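Here the structure is a predicted model, which means the values were calculated and not measured. Naming convention: chains lettered A, B, ... in sequence-line order (proteins, then strands); numbering from 1 in each chain.
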2 protein chains.
Amino acid sequence: MSQQNQETIPINYKVKQLADMAGVSSDVVRYYTRISLLEPKQEKLNGYKLYNTHDLHRLRFIRCAKNLGYSLSEIAEILIHSSSGKSPCLMVRDIVEKRIVENRKKLQELEQLQDRMEEAVKKWSDLPDKLPNGNSVCHLIESFGEL
Amino acid sequence: MSQQNQETIPINYKVKQLADMAGVSSDVVRYYTRISLLEPKQEKLNGYKLYNTHDLHRLRFIRCAKNLGYSLSEIAEILIHSSSGKSPCLMVRDIVEKRIVENRKKLQELEQLQDRMEEAVKKWSDLPDKLPNGNSVCHLIESFGEL
DNA sequence: CTTGACCTGTGTGCTACACATAGGTTTATA
DNA sequence: TATAAACCTATGTGTAGCACACAGGTCAAG
């Protein structure tokens with residue numbers, strides 16, 4: 001109603017409006033703004049940040065990239081690269097290949113942790129609780145060796 | 001040589017000595033000290049921290065517990081509980097059960113991420129690099145939808 | 001006594017937000 | 001029109017577990 005002439009008057013969103021449209025929390029929008037991933041202009045009267053449709057596209061891109069494993073600093077690089085007119089595709093492919101390798105390693109580590117924890121529970125089911133003493137803090141944990 | 005009478009003169013280790021004996025870095029010892037997981041006394045002349053065999057046991061326990069998935073704050077709780085003479089075993093069992101569930105969830109999330117990334121690489125292998133334009137930052141990433 | 005290697009404590013940075021706080025805006029009601 | 005309640009804002013801080021930078025202290029060799 002109050003914004004019929006979209007061509008002359010730019011649409012301004014406040015934090016929560018932008019957040020809702022992108023399906024994220026206001027805190028996320030504020031954080032991305034703080035680290036300059038979003039660059040709204042400032043309302044002069046009260047200092048509120050004002051976002052536009054470009055910011056909305058950008059925010060949606062960020063969430064999409066995050067969902068594919070890109071870190072915020074990598075996304076920042078991609079955005080800078082892209083807005084300087086160069087294709088970010090090569091970088092994008094490289095990063096995801098690297099992330100696949102990293103993530104595979106992390107998965108292995110967590111699987112090994114899971115194994116250790118499940119083994120501990122099994123082993124501990126036969127052991128009683130004990131009071132600590134000078135030599136021992138918790139005999140359950142200590143029964144699993146130093147490494 | 002210089003410390004033959006261990007019963008009367010307490011053995012004091014400096015940061016690196018303790019770290020080496022426990023197989024961790026000096027930074028780890030300093031960090032644990034900073035968060036009061038270790039509580040050395042202060043050398044009066046130069047402010048250096050001085051650790052003893054009790055600290056060594058404690059440090060080894062911490063690393064052992066971390067290897068089983070306990071967080072440092074949980075380990076702190078266990079240590080406090082234990083040094084007040086109560087058995088930490090119940091707490092220890094509860095935490096590891098909880099951690100197993102949490103870790104299983106995290107594993108699933110990382111596996112799903114891995115799937116998404118591998119699917120992306122496969123899909124992208126048929127797509128060319130493109131220059132960005134007003135509507136698109138990176139068509140590769142954007143081809144994977146908003147969620 | 002000086003040079004150099006090695007060590008020290010403290011301060012800061014990292015990721016990606018979540019939460020607390022004090023205050024401003026807007027809406028409903030009297 | 002006044003006011004109270006609901007909602008929103010920007011900013012500051014906390015989170016986990018270290019790693020690294022820094023300026024200076026210690027200690028053995030020469």
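With respect to the salt-bridge test (charged N to carboxylate O, under 4.0 angstrom), the residues B/R99 and B/E102 qualify.
Contact between the side-chain N/O atoms of A/S25 and the OP1/OP2 oxygens of C/dA18 is found at a separation under 4.0 Å. Between B/Y32 and the phosphate of D/dG17, there is no side-chain N or O to OP1/OP2 separation shorter than 4.0 Å. Contact between the side-chain N/O atoms of A/K49 and the OP1/OP2 oxygens of D/dT11 is found at a separation under 4.0 Å. Taking 4.0 angstrom as the limit, A/R30 places a side-chain polar atom (N or O) nearer than this to OP1 or OP2 of D/dT9.
A distance-only check finds no donor-acceptor pair linking the side chain of B/D20 to the backbone of B/Q17 [under 3.5 Å]. B/E43 places no side-chain N or O within 3.5 Å of a backbone atom of B/L50 that could act as its donor or acceptor partner.
In the set D/dT9, D/dT13, D/dC18, the nucleotide with an atom closest to the side chain of A/K14 is D/dT9. The side chain of A/N46 approaches C/dT25 more closely than any other nucleotide in the set C/dT25, D/dC18, D/dC20. Considering only side-chain atoms of A/Y31, the nucleotide from D/dA16, D/dA10, C/dA16 that sits closest is C/dA16.
Residues B/Y51 and B/R58 bring no donor and acceptor atom of their side chains to less than 3.5 Å of each other.
Spacing between atom CD1 of A/I35 and atom C1' of C/dG13 amounts to 14 Å, rounded to whole angstrom units. Computed from coordinates, the B/E43 CD to D/dT26 P distance equals 9 Å when rounded to whole Å. To the nearest angstrom, P of C/dG13 lies 13 Å from CZ of B/R34. The CZ-P distance, from A/R63 to C/dA16, rounds to 10 Å in whole Å. In this structure, B/Y13 atom OH and D/dT26 atom P are separated by 22 Å, rounded to whole Å. Nucleotide D/dA10 holds its C1' atom 8 Å from the OH atom of A/Y48, rounded to whole Å. Here the P atom of nucleotide D/dT26 and the NZ atom of B/K16 are 18 Å apart, to the nearest Å.
With DNA chain D read from its 5' end, the first of the two nearest nucleotides for B/L72 and B/L45 is the one closest to B/L72.
With rounding to the nearest 0.5 angstrom, the CH2 atom of A/W124 is 10.5 Å from the CD atom of A/E119.
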